[in-house]
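The first residue of the sequence shown is numbered 1, and numbering continues consecutively from there. Not measured: the values here are computed from a predicted model.
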Amino acid sequence: MAAPPLPPPDPQFVLRGAQSAVHALHFCEGAQGQGRPLLLSGSLRGLVHIWSLQTRRVVATLDGHGGQCVTWLQTLPQGPQLLSQGRDLKLCVWDLAEGRNAVVDSVLLESVGFCRGSVLAGGLQRWMLAVPGRGSDEVQILEMPSKTSVCSLKPEAQARPGMPMCLQLWQADSSPRPLLLAGYEDGSVALWDVSSRKVCSRVACHTEPVMGLDFDSQEARGVSGSAEKTLAVWSLDEQQALQVRGTHVLTNPGIADVKIRPDRRILAAAGWDHRVRVFHWRTMKPLAVLAFHSATVHCVAFAADGLLATGSGDQRISVWSLYPCT
C-alpha cells in the first residue's frame, strides 16, 4: 500500500499586530547584520510595518498613505530605499538607511485600479518604474528618480483587453531592451517591447481578470492566476511569442497572488478560499495546501533563503519553512 500523504506543516511562526487586513508583503534582504531579512507588510489601513524575524515584532511603522490600503511594496537593490503604493493614488519612496523612515519622493498615480507597479533596476542611480497610466487600459513607464516619462503603452484599439491588472518589468540577459509582461482584465497576458512601444505577443490565459503573474526569465516560463479556478503556465519562445503550456485546475476560484521562489523550485498561489497552494515549479505537481488563515490570502512573498510569508484578511502574517533551499 502507498504511504498516506504527509499532513501539511504548521507555520514556523505567526506575526500579529498588523491591525487590519494584510495586502502586501516583501522581504528586505541584507537589511540586518544578523543574517535574517526584514519582512515588510502593507495594510488595509495604509500602514507599512517593518518586522524583525528574530524578535518577531514590529521595529518601525511607516504612515504615508493617508489611511488608504497599501497594495505593493518593493525595495531597490542599490540602497536602503523602499517603494510603497497605495489606493491614495500615490507611490512613496522611503529612505530606510540607518534607521530613517522618511518619504524622500513620491509619484502621483492616475489610475484607481488594483494594478501593482513593477521595477527594473538598471544602474546604481537609475531605475525604471511601470505603473497603471492615465487611460484605463494604459501602462505608464517612468525613468526614476527623475520621474521622466519613457512612454505610455496603450493597446491597439481593436485589442480591447481592459485595465492592466498586474505588471512585471524584466530584461533578457542577451538584450539591453526592457520588456514588460502585463496581465489584463480580459484574462490575457501581453509581452510589450518598451523601447518600440509595441506588443510582441498576446495570449488568452483566462476567462476572468488576471490577478497575479510571475515570470521565470531563466526558463522563459511564467504563471498567472485569475478570478477563476485555474493557474495558467505559459512560455516565451525565441521569437518572443507567448504560448499557453498548460493549466492547473484548482478546487475553488480566485487567486490573489502568485510567486515563484528565487531558486525556481517552488511556486506559491494565494487563494480567495483562505488557502495557499504550493507546487513544484517545473512539473506543477501539487506539494501542499496551507490551510491556516481564516480569510482571503491577499499576498505571498519568498525570501532568498526560501522562507514563505503569507498575508491575509484575518490580519495575520504566517511564515513557513517549506522544502528548504539546497
Would you say Trp234 and Leu181 make side-chain contact, with heavy atoms under 4.5 Å? yes
Please evaluate residues Arg264 and Gln218 with respect to the criterion side chain to side chain donor-acceptor pair (under 3.5 Å), reporting the C-alpha separation (whole Å), side-chain torsions for both, the decisive distance (0.1 Å), and the verdict. CA-CA 9 Å; Arg264 309 188 340 270; Gln218 292 192 31; 3.0 Å; yes
Test item: side-chain donor near acceptor, Asp216 and Trp281, under 3.5 Å: yes
Look at Asp105 together with Lys147 and state whether they make a salt bridge at an N to O cut-off of under 4.0 Å. yes
Return yes if a side-chain donor-acceptor contact under 3.5 Å exists between Ser235 and Arg245, otherwise no. yes
Identify the heavy atoms of Trp72 and Leu91 that sit nearest to each other, and give their distance. CZ3-CD1, 3.7 Å
Donor-acceptor pair, Asp63 side chain versus Leu47 backbone, under 3.5 Å? no
Nearest 0.5 Å, what's the CG-CZ distance between Leu15 and Arg316? 11.5 Å
Heavy atoms, side chains only, cut-off 4.5 Å: are Ser52 and Arg57 in contact? no
Do Arg197 and Leu153 have side chains that approach each other closer than 4.5 Å (heavy atoms only, starting at C-beta)? yes
Do Gln243 and Val203 have side chains that get closer than 4.5 Å, going by heavy atoms? no
Any chance the side chains of Ser312 and His298 put a donor and an acceptor closer than 3.5 Å? no
May I ask you to decide whether Arg261 forms a salt bridge with Asp305, counting only side-chain N to carboxylate O separations under 4.0 Å? no
N/O donor-acceptor pair under 3.5 Å between Ser136 side chain and Met163 backbone: no
Apply salt bridge (Lys or Arg N to Asp or Glu O under 4.0 Å) to Lys198 and Asp193, showing your working. CA-CA 6 Å; Lys198 293 280 197 315; Asp193 184 316; over 6 Å; no
Is Arg275 positioned over the aromatic face of Phe292, cation under 6.0 angstrom from the ring centre and no more than 45 degrees off axis? no
Is Ser149 reaching over with its side chain to a backbone N or O of Leu142, donor-acceptor style, under 3.5 angstrom? no
Does the side chain of His206 come under 3.5 Å of the side chain of Ser224 through a donor N or O and an acceptor N or O? yes
Same hydrophobic cluster for Val150 and Leu129, using side-chain heavy-atom links shorter than 4.5 Å among ILVMFWY? no
Note, Ile255 side chain near Met211 side chain (heavy atom, < 4.5 Å): no
Beyond-backbone contact of Leu82 with Leu62, side-chain heavy atoms, under 4.5 angstrom: yes
Are the charged groups of Arg160 and Asp186 less than 4.0 angstrom apart, N to O? no
Got a second to check how far Leu167's CG is from Gln140's CD, nearest 0.5 Å? 11.5 Å
Under 3.5 Å side-chain donor-acceptor pair for Thr310 and Ser318: yes
Any side-chain heavy atom of Val278 sitting closer than 4.5 Å to one from Leu267? no
Please step through side chain to side chain donor-acceptor pair (under 3.5 Å) for the pair Thr230 and His248, ending with a clear verdict. CA-CA 5 Å; Thr230 58; His248 187 89; over 6 Å; no
How many angstroms lie between CD in Gln19 and OG1 in Thr61, if you round to the nearest 0.5 Å? 7.5 Å
CD (Glu138) and SG (Cys151) are apart, to the nearest 0.5 Å, by 10.5 Å
Applying side-chain contact (heavy atoms from CB on, under 4.5 Å) to Trp272 and Val297, what does each step give before you reach the verdict? CA-CA 6 Å; Trp272 295 359; Val297 182; over 6 Å; no
Nearest heavy-atom neighbours spanning Gln168 and Ser118: CA-OG, 3.4 Å
Tell me if a side-chain donor or acceptor on Tyr184 pairs with a main-chain N or O of Asp137 at a distance below 3.5 Å. no
If you measure from CG on Leu322 to CZ on Phe302, what distance do you get to the nearest 0.5 Å? 7.5 Å
State, to 0.1 Å, how close Val276 and Ala268 come at their nearest heavy-atom pair, and which atoms those are. CG1-CB, 4.2 Å
Just by distance, no angles: are the side chains of Ser84 and His65 close enough, under 3.5 Å, to form a donor-acceptor pair? yes
Looking only at side-chain N and O atoms, does Thr207 offer a donor or acceptor that is under 3.5 Å from a partner on Glu228? yes
Side chains of Leu83 and Trp127: does their closest heavy-atom pair fall under 4.5 Å? yes
In Å and rounded to the nearest 0.5 Å, what is the CD to CZ distance from Glu219 to Arg282? 9.0 Å
